[in-house]
Structures are given as structure tokens and as C-alpha cells.
> 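Quick one: structure below, then a few questions.
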Amino acid sequence: MSVRVCADPDEAVAGIEDGSTVLVGGFGMAGMPVELIDALIRQGATELTVVSNNAGNGDTGLAALLDKGRVRRIVCSFPRQSDSWVFDRLYREGRIELEVVPQGTLAERLRAAGAGIGAFYSPTGAGTPLAEGKETRELAGRTHVLEYPIKGDVALIGAHRADRMGNLVYRKTARNFGPVMATAATTVVAQVHEIVDIGALDPEAVVTPGIYVDRVVRAVAAA
């Protein structure tokens with residue numbers, strides 16, 4: 001299956017359906033696929049479940065998607081920061097559901113989806129409200145919590161470069177959740193700073209092989 005090189009972000013997000021689970025890369029604004037999110041706002045999909053490291057910053061990117069009322073539920077590690085006023089308002093008004101997942105557990109649940117792992121035990125969160133209602137087990141003298149994979153219908157990620165086969169190279173901390181999200185979604189869309197010819201990328205530098213990527217688009221705000 002070949003990657004589709006899209007003319008613009010609107011083409012790249014075409015077909016995302018209402019009710020989809022959308023994995024959104026980014027650590028704060030580092031690696032945040034802002035232009036894909038803006039295109040998703042224009043596209044109009046609603047009742048979304050969003051999985052991301054945090055719940056949006058300021059009034060742009062993921063925060064703008066939330067502000068439009070398109071997100072029914074968010075799964076993240078850091079829902080509240082000094083500039084997360086959009087999420088804070090929506091949550092206080094009862095207009096959005098929240099599942100808090102420890103950061104390492106979030107990454108591992110995404111990785112498990114890509115690796116085909118049915119479930120795994122983790123000591124993180126044991127004995128806290130995050131473990132309420134979950135199965136636990138004593139392993140090596142510690143309480144572990146049973147966690148399940150998080151699979152997305154779509155992943156929106158930011159990378160630095162792509163070739164025309166969809167192989168991706170990231171830039172520094174913008175790499176964050178991109179690689180695991182790319183393995184965990186049915187359709188993977190990457191916005192990049194530059195699209196180069198096949199053979200122009202050093203194979204040793206490729207982090208996400210093109211086999212995981214469905215669409216790429218060159219975007220000014222790419223990571």
C-alpha cells in the first residue's frame with residue numbers, strides 16, 4: 001500500500017468520521033500537528049474521542065478543537081496546565097469527559113495496541129483513584145494494575161521530514177508520541193516540514209517506517 005501525498009491539510013483529514021477515536025501527537029506544542037487539527041475543525045467531524053499527552057494549550061491547536069465542541073471525551077496525562085483554560089471551562093461545565101492516564105502508561109497502552117498485546121500489568125497508579133474499578137494483581141511483591149491498549153481510528157502526528165514512501169524522521173522532542181501513535185491507528189496522517197525524494201533519507205535515521213503511514217502533507221507549522 002503506497003502513501004498518499006496530499007495537496008493540503010484539508011485533503012489529508014478528509015473522511016474522518018463522527019465518533020472517531022483520534023490520536024493526536026505532541027508534548028505541549030512540540031510536535032503538535034496544528035495544521036491538521038485546524039483542517040479537522042474545518043472538516044466538521046464531531047463526537048470525537050481524543051487521545052493526547054495533554055488537553056490543549058492556549059486557544060490554538062487541540063484547544064481550538066475542544067473549544068468548537070467537537071470532542072466528547074479526552075484521554076490524556078496532563079489535563080490541567082497554566083494555559084489549559086479551554087479544557088478547564090468545558091470540564092467544569094460538564095461538556096467533556098476525561099480519563100487521566102499516567103504518561104508512561106499512556107505511551108505503553110498505545111505501544112501495546114501497535115504490538116498486538118491484549119493487556120498488560122503496570123505498578124503505576126496502584127493504590128490511587130486512577131486504579132479504581134480496575135483489576136489488580138500482586139507481582140514480585142508489588143500491586144500491579146491491569147491496563148488495556150488504546151487503538152485509534154486515526155492518528156494525527158507531526159514529523160520533520162517524510163519521503164514519498166511515507167518514511168518519517170522527527171526533530172528532537174517533537175518525536176514524543178508520534179512513533180507509538182503511528183503504530184496504533186488504522187489511518188495515520190503526518191504533517192511534515194519537507195517531503196523529499198525516495199532515497200534522500202538516511203535509512204538509519206528513519207523512526208517511523210512508511211508501512212505505518214497512510215497520508216503525508218507538507219505544512220508550514222510542521223515539527
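Not measured: the values here are computed from a predicted model.
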> State whether the side chain of Arg215 and the backbone N or O of Ala12 hold a donor-acceptor pair below 3.5 Å, judged by distance alone.
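The answer is yes, because a donor-acceptor pair under 3.5 Å joins these two groups.
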> Would Asp197 and Arg164 satisfy salt bridge (charged side-chain N to carboxylate O under 4.0 Å, His left out), going step by step from the backbone distance to the final call?
CA-CA 6 Å; Asp197 290 333; Arg164 295 185 179 279; 3.7 Å; yes
> Following the transitive rule for hydrophobic clusters with a side-chain heavy-atom cut-off under 4.5 Å over Ile, Leu, Val, Met, Phe, Trp and Tyr, establish whether Leu98 and Leu65 coincide in one cluster.
yes
> Between Glu99 and Arg73, is there a side-chain N and carboxylate O pair less than 4.0 Å apart?
yes
> Using the side chain to side chain contact (heavy atoms under 4.5 Å, CB included) rule, take Tyr121 and Leu139 through it: C-alpha gap first, then chi angles, then the decisive distance, then the call.
CA-CA 9 Å; Tyr121 284 98; Leu139 298 170; 3.8 Å; yes
> Between Asp67 and Arg89, is a salt bridge (charged side-chain N to carboxylate O under 4.0 Å, His left out) present by the stated rule, with each step listed?
CA-CA 9 Å; Asp67 194 43; Arg89 171 173 53 81; 2.5 Å; yes
> Following the transitive rule for hydrophobic clusters with a side-chain heavy-atom cut-off under 4.5 Å over Ile, Leu, Val, Met, Phe, Trp and Tyr, establish whether Val51 and Tyr148 coincide in one cluster.
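Not linked; separate clusters.
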> So with a 6.0 Å cut-off around CD of Glu17, is the heavy-atom count from everything else above 12?
no
> Under the rule for side-chain contact (heavy atoms from CB on, under 4.5 Å), what residues qualify as partners of Asp38, not counting sequence neighbours?
Val34, Ile41, Arg42
> Assess the residue pair Arg4 and Glu11 against the criterion (side chain to side chain contact (heavy atoms under 4.5 Å, CB included)); give the C-alpha distance rounded to whole Å, side-chain angles, the decisive distance to 0.1 Å, and a yes or no.
CA-CA 10 Å; Arg4 187 205 305 180; Glu11 179 186 345; 3.4 Å; yes
> Would you tabulate the side-chain donor-acceptor contacts of residues 174-187 under 3.5 Å, counting partners in other chains and residues two or more places apart, or write 'none'?
unit_1, atom_1, unit_2, atom_2, d
Asn176, OD1, Gly26, N, 3.1
Asn176, ND2, Ala30, O, 3.0
Asn176, ND2, Thr173, O, 2.8
Asn176, ND2, Ala174, O, 3.4
Thr183, OG1, Val180, O, 2.8

> Enumerate the residue pairs fulfilling ring-ring contact (aromatic ring centres under 6.0 Å, His included) with a member in residues 85-106, sequence neighbours excluded, ordered by first and then second residue.
Phe87-Tyr91
> Taking Asp83's backbone N and O only, do any of them form a donor-acceptor pair with Asn57's side chain (distance below 3.5 Å, no angle check)?
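Absent.
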> Tell me, please, which residues at least two apart from Arg80 pass side-chain contact (heavy atoms from CB on, under 4.5 Å).
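Testing Arg80 for side-chain contact (heavy atoms from CB on, under 4.5 Å), a comparison that skips the adjacent residues, returns Ser84, Asp88, Arg92.
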> Do Asp10 and Gln43 get their side chains close enough for a donor-acceptor pair, meaning under 3.5 Å?
no
> Check salt bridge (Lys or Arg N to Asp or Glu O under 4.0 Å) between Glu93 and all other residues, then give those that pass, not counting sequence neighbours.
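Per chain and number, Glu93 pairs via salt bridge (Lys or Arg N to Asp or Glu O under 4.0 Å) with Arg95.
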> With sequence neighbours left out, which residue pairs that include part of residues 35-66 fulfil the ring-ring contact (aromatic ring centres under 6.0 Å, His included) condition?
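The answer is none; no pair qualifies.
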> Would you please name every residue forming a side-chain contact (heavy atoms from CB on, under 4.5 Å) with Ile117, sequence neighbours left out?
Arg111, Ala112, Ala115
> Give me the other members of the hydrophobic cluster that Leu201 sits in, counting Ile, Leu, Val, Met, Phe, Trp and Tyr linked by side-chain heavy atoms under 4.5 Å, directly or via other members.
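Via sub-4.5 Å side-chain contacts, Leu201 links to Val169, Val196, Val206.
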> Residues two or more places apart in sequence or in another chain: which of them pass side-chain contact (heavy atoms from CB on, under 4.5 Å) with Ala63?
Val86
> So which heavy atom on Ile74 is nearest to which on Ala55, and how close?
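Distance-wise, the nearest heavy atoms are CD1-CA, 3.7 Å.
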> Which residues pass the salt bridge (Lys or Arg N to Asp or Glu O under 4.0 Å) test with Lys134, sequence neighbours left out?
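By the salt bridge (Lys or Arg N to Asp or Glu O under 4.0 Å) rule, Lys134 matches Glu147.
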> Asp202: which residues meet the salt bridge (Lys or Arg N to Asp or Glu O under 4.0 Å) condition with it, sequence neighbours left out?
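Salt bridge (Lys or Arg N to Asp or Glu O under 4.0 Å) list for Asp202, sorted by chain: empty.
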> Quick check: closest heavy atoms across Thr46 and Gly69, and the distance to 0.1 Å?
OG1-O, 3.8 Å
> Quick one: salt bridge (Lys or Arg N to Asp or Glu O under 4.0 Å) partners of Asp163, sequence neighbours excluded?
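None.
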> Give the minimum heavy-atom separation between Val217 and Leu36, together with the two atoms involved.
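For Val217 and Leu36, the tightest heavy-atom pair comes out as CG1-CD2, 3.9 Å.
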